[in-house]
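Read the structure below first, then the notes.
A, B, ... follow the sequence lines: proteins, then strands. Residue 1 opens every chain.
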Amino acid sequence: MNEKYFPTEIEERQQQRWAEAKVFEADVDESRPHFYCLEMLPYPSGRIHMGHVRNYSIGDALACYKRMTGFNVLHPMGWDAFGMPAENAAIKNNARPDEWTIENINAMRTQLQRVGFNYDWRREIASCTPEYYRWNQWFFIQMWKHGLLYRKNATVNWCVKCNTSLANEQAEGGFCWRHEDVPVELRQLEQWFIRVTNYADQLLDDLDTLVDGWPERVLSMQRNWIGRSKGAEVDFAIDGESGVIRIFTTRIDTIFGASCMIVAPEHSLVESLIASGKASDELKSFVEKQSAITKEDRIAEGTEKEGVNTGLFAINPFNGEKLPIWTANFVLTGYGTGAIMAVPAHDERDFEFCAKYGLSIRRVIVPAGFDGDVNEALTEAYTSKDESCIVVNTGEWSGKVVPEAIAAMTAYAQANGFGEAQTNFKIRDWGVSRQRAWGTPLPFIHCATCGIVPVPENQLPVELPKDLNFNTQGAPLAEHAGFVNVNCPTCGAAARRDTDTMDTFVDSSWYYFRYVDPKNTELPFDPKVAAYWMPVDQYIGGIEHAVLHLIYTRLWTKIMRDLGLITFDEPVKNLLTQGMVCLATARCEEHDWLNPTEVLDGKCKYCGRDAKIGRTEKMSKSKKNTIDPDEMINTFGADTVRLFMLFAAPPEKDLEWDDAAVEGASRYLNRVWRIIYKWHEKGLGGREQGVEFSDGARRLRRKTHQTIHRISNDIGTRMNFNTGVAALMELTNEIYDFDKKVDEANAGDLFALKEAMEALVKMLAPFTPHIAEELWASLGHNDLVVVAEWPVYDAELAKEEALEIPVQINGKMSGRVSVAPEIDDEALKQAVFSDERIKAKIGERQIVKTIVVPKRLVNIVVK
RNA sequence: GCGAAAGUGGCGGAAUUGGCAGACGCACCAGACUUAGGAUCUGGCGCCGUAAGGUGUGGGGGUUCGAGUCCCCCCUUUCGCACCA
């Protein structure tokens, strides 16, 4: 053992020992409980960043702890290796995307290995390999056969920077998910879709089974995204015309309050009015104007409601009333039927619109016990969602409470053939085609006679050609004759391969199923092996995937269940969304974003202008507020970096990088090293039975066992690594205290010291495995600490010898009494009332009552 | 606007069920050792006060013997959703 702690040297050595001993390799073993610890796989961009290090340090600590407490732990890592940057690099540098990607993977794997993460590298996967993506193709063919995949000409989101279409989830708020400043365009395109809407109900309802294991934030984001709304569709006949307007409403009970109908400017009714020349000039120009505005602008906050009367009338099927038909900007074509009935009395938007255009307002809902005038003019919409509200002015349904009226009126509409119950969702089918070349080819062939024909399964994978030409205006795949031209598998005639590729979110929808059986050539995975490991016990990753990856992967699980591969409904039992790694930003007028080292005394290093230190923000290359993990590891060692990240904040909170605190973490490890080095030199002797323990030794043993108890809870149950580290620091401080007064001739003292140090080193292993391993060897062990048995908690030894019971008078702290730990309430009371200090404080006052919280506190109420 | 989470020293954060507020660390202060220290060790460190003591978990009210924790109102911050019919 070296006197000084040299992290980089020991880290490499210990990593080698682990690799040689293959201790992180796990296989099916029915004799032990199993635990699947999973972290979101990285995109091989070239370098790992601090966000990765944090994410993986959390998972690594948990995996190590679980392994040490007897679990068979699956802890894999892989690469989300298809995607745009590789293709862009190919275009820019005339490189090959596969080579670019593999180089990056190799570099990043080396980096991850330098941090010393305990992965089973045998199970590594890269989604860009044919061995992997052939199963994407296989899944698509199964989905096609089951009617879960279809092709349709549709309006899709298009990002000009990505030069491809995007799924709705990837175009939230009208901007591309990869390019936050690039608004998406709409294009008409023939596309592949996965029938998500078949699963919308399940995706929503099953969220209820995740409430204990998933953050509420993610659940509510998914609920919002799925956006189920239950209501009814109702047909309104058009006065003097054939055909009907079908509307969607969640409040059919308010239909007697309808003042007008409003259709979207794109509605077929408006189109046909214009086509037949019956539209007014005002209507025509309004529609023209609206079609020039994007949906996002049209529904942006503060946009005034505008509309035009079409001149037509609709007949309310419930009461025969004639209602003018309007078109307006706030009615959208993409939701419901693109047409609504406007009920101004009970909807804020409708109120605003009808008030503006002087349309009548009729109240049809009142609160329970309402005793005012039903026909008195409302000054604002009455929108109470209270189920006890009563329907009025509504013919035979008047007097019913809202839920009953909705049920009865929906039934009436259905019975009379002009409506039916209907559930609407915001979530849309998943558009999975991408017009890019670096992705999984779609395994379909377009034949002039046979239509769309799946590639026969025994011909999978459909491999991506390696000799694509990226310097072309068109699509590289479509221009590759060898790829495109093929014979139809059914009729044998000349046909064309589909030249789109799959959304890369397909790859990540099921990658962790592949880890359980990564070499399988018959199926994506062996259902039996998956049944052993899955579902994932703990998944750890960023919040940014709340409605992207995390909804797709839930969908995929349900599809795989329906394909008979698995039997469970949800893939992930527990989800932890870790916070971001942040750092202060600095900005100079001349040189834009500055690295903190480029700022000297608040001035830009280059030009001397004031450099404003801004707020802390997520580390990003563009803001130049990044810290390179490799540099930090070179300076402090991987253990220090990991310790800092786990200690500085609870995992779900954002973490601000703090150089001083990193040094603090380093100082702590040096402190542990020093005390163990000292006793390594002196020798601690062997364990001896039947020794007498001094007060100090008993105290240290107590702390040791209390710490074992605490940290097991902190890591295993609460996943609060920060308090776990704090507990280890306390134990270390206690060891230092004891070290000052230890009697080297006393076997009990040496035993207590050794016990404390061994426990400390073991408990450090999940956080700082390298130094723990090195110190474990110094303490005379030949086995590996990262797979050693977790220290055993002895409740007897952890018990306090005396309790300091706080005493309150009228709820105010007034002193303490020291009593035996097994004291009963009566004896505790006596001890308190015989305490001179307490007696003096009570003085002449009369004791009203005394509250005793057993073994914790006494409160005396006096007056 | 709706919904959720949060607000504790100079800072990051503890306080597991309503029971000693501020664990642990950073920064800072004082001292020791040293040729030297950005090493190490010892001590201090919420605020007011020399002290005794008082006061204190965003603000106000409440429940309770007792509230950072529970309830009501308000303020602030962050996040999500937002003409969704």
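- The structure places CE of A/Met341 at 10.5 Å from CZ of A/Phe256, a figure rounded to the nearest 0.5 Å.
- Between A/Glu730 atom CD and B/rA15 atom C1' there is a gap of 12 Å when expressed in whole angstrom units.
- Taking 4.5 Å as the limit, some side-chain heavy atom of A/Phe767 sits within range of a side-chain heavy atom of A/Ile715.
- A/Arg349 comes within 4.0 angstrom of a nucleotide base, judged by non-hydrogen atoms across all strands.
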For this session: For side chain to side chain donor-acceptor pair (under 3.5 Å), just list the numbers for A/Asn424 and A/Ser229, CA-CA rounded to whole Å, side-chain angles, deciding distance to a tenth of an Å, and then say yes or no.
Result: CA-CA 5 Å; A/Asn424 262 338; A/Ser229 93; 5.3 Å; no

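- The residue A/Val343 sits apart from the nucleic acid: no heavy atom pair falls under 4.0 Å.
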Seminar exercise, completed: Heavy-atom contacts, protein to nucleotides 27-39 of chain B, under 4.0 Å, summarised as B (base), S (sugar-phosphate only) or - (none) per nt, yield S-----------S

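- OP1 or OP2 of B/rU55 lies within a sub-4.0 Å distance of a side-chain N or O belonging to A/Lys812.
- Contact annotation for A/Lys740: backbone-only contact, meaning every heavy-atom pair under 4.0 Å involves sugar-phosphate atoms and none involves a base.
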Problem set entry | Strand RNA chain B as a dot-bracket string - pairs counted if Watson-Crick or G-U with both distances under 3.5 Å, | where the partner lies in another strand | (((((((..(((......[....))).(((((.......))))).(((....)))..(((((..]....))))))))))))....

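- Map A/Phe248 and A/Asp714 each onto its nearest nucleotide of RNA chain B; the residue landing nearer the 5' end is A/Asp714.
- The shortest distance between the side-chain N/O atoms of A/Lys849 and the OP1/OP2 oxygens of B/rC65 is below 4.0 Å.
- Nucleotide B/rC84 holds its P atom 8 Å from the NZ atom of A/Lys305, rounded to whole Å.
- Note that the CG atom of A/Asp350 and the CD1 atom of A/Ile262 stand 5.5 Å from one another [nearest 0.5 Å].
- Among the heavy atoms of the strands lying under 4.0 Å from A/Val861 are primed sugar atoms or P, OP1, OP2 only; no base atom is included.
- An OP1 or OP2 oxygen of B/rC41 is reached within less than 4.0 angstrom by a side-chain nitrogen or oxygen of A/Arg671.
- Spacing between B/rC33 and B/rU42 at atom P, rounded to whole Å, works out to 15 Å.
- Put simply, the side chain of A/Arg251 does not reach to within 4.5 Å of the side chain of A/His346, judged on heavy atoms.
- Using a 4.0 Å cut-off, no side-chain N or O of A/Thr723 falls inside it from OP1 or OP2 of B/rA23.
- Close to B/rG25, at under 4.0 Å from its OP1 or OP2, lies a side-chain N or O of A/Asn733.
- Contact annotation for A/Thr249: backbone-only contact, meaning every heavy-atom pair under 4.0 Å involves sugar-phosphate atoms and none involves a base.
- Listed by first and then second residue, the salt bridge (charged side-chain N to carboxylate O under 4.0 Å, His left out) pairs that reach into residues 715-733 of chain A are A/Lys703-A/Glu730, A/Arg710-A/Glu730, A/Asp714-A/Arg718, sequence neighbours excluded.
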For this session: Check step by step if side chain to side chain donor-acceptor pair (under 3.5 Å) holds for A/Tyr793 and A/Ser712.
Result: CA-CA 9 Å; A/Tyr793 168 61; A/Ser712 304; over 6 Å; no

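- Using a 4.0 Å heavy-atom criterion, one finds that A/Arg223 contacts no nucleic acid atom at all.
- No hydrogens or angles were tested; on distance alone, a donor-acceptor pair under 3.5 Å links the side chain of A/Gln808 to the base of B/rG19.
- Across all strands, A/Gly664 comes closer than 4.0 Å only to sugar-phosphate atoms, never to a base (heavy-atom distances).
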Exercise. What do the steps show when you test A/Asn2 against A/Trp673 for side chain to side chain donor-acceptor pair (under 3.5 Å), and what is the final call?
Worked result: CA-CA 9 Å; A/Asn2 202 308; A/Trp673 184 276; 5.9 Å; no

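- Sequence order on RNA chain B of the closest nucleotides to A/Arg217 and A/Asn859 puts A/Asn859 first from the 5' end.
- Between A/Lys653 and B/rG13, a side-chain N or O to OP1/OP2 separation shorter than 4.0 Å is present.
- In this structure, A/Arg856 places its CZ atom 13 Å from P of B/rA21, rounding to the nearest Å.
- Across every non-hydrogen atom of A/Glu387 and A/Pro403, the tightest pair is O-CD, 3.3 Å.
- Taking the ring centre of A/Phe330 as origin, the terminal cationic atom of A/Arg349 falls outside the region bounded by 6.0 Å and 45° from the ring axis.
- Residue A/Asn722 has a polar side-chain atom (N or O) positioned under 4.0 Å from OP1 or OP2 of B/rA14.
- More than 12 non-hydrogen atoms from other residues, nucleotides or ligands lie less than 6.0 angstrom from CD of A/Glu681.
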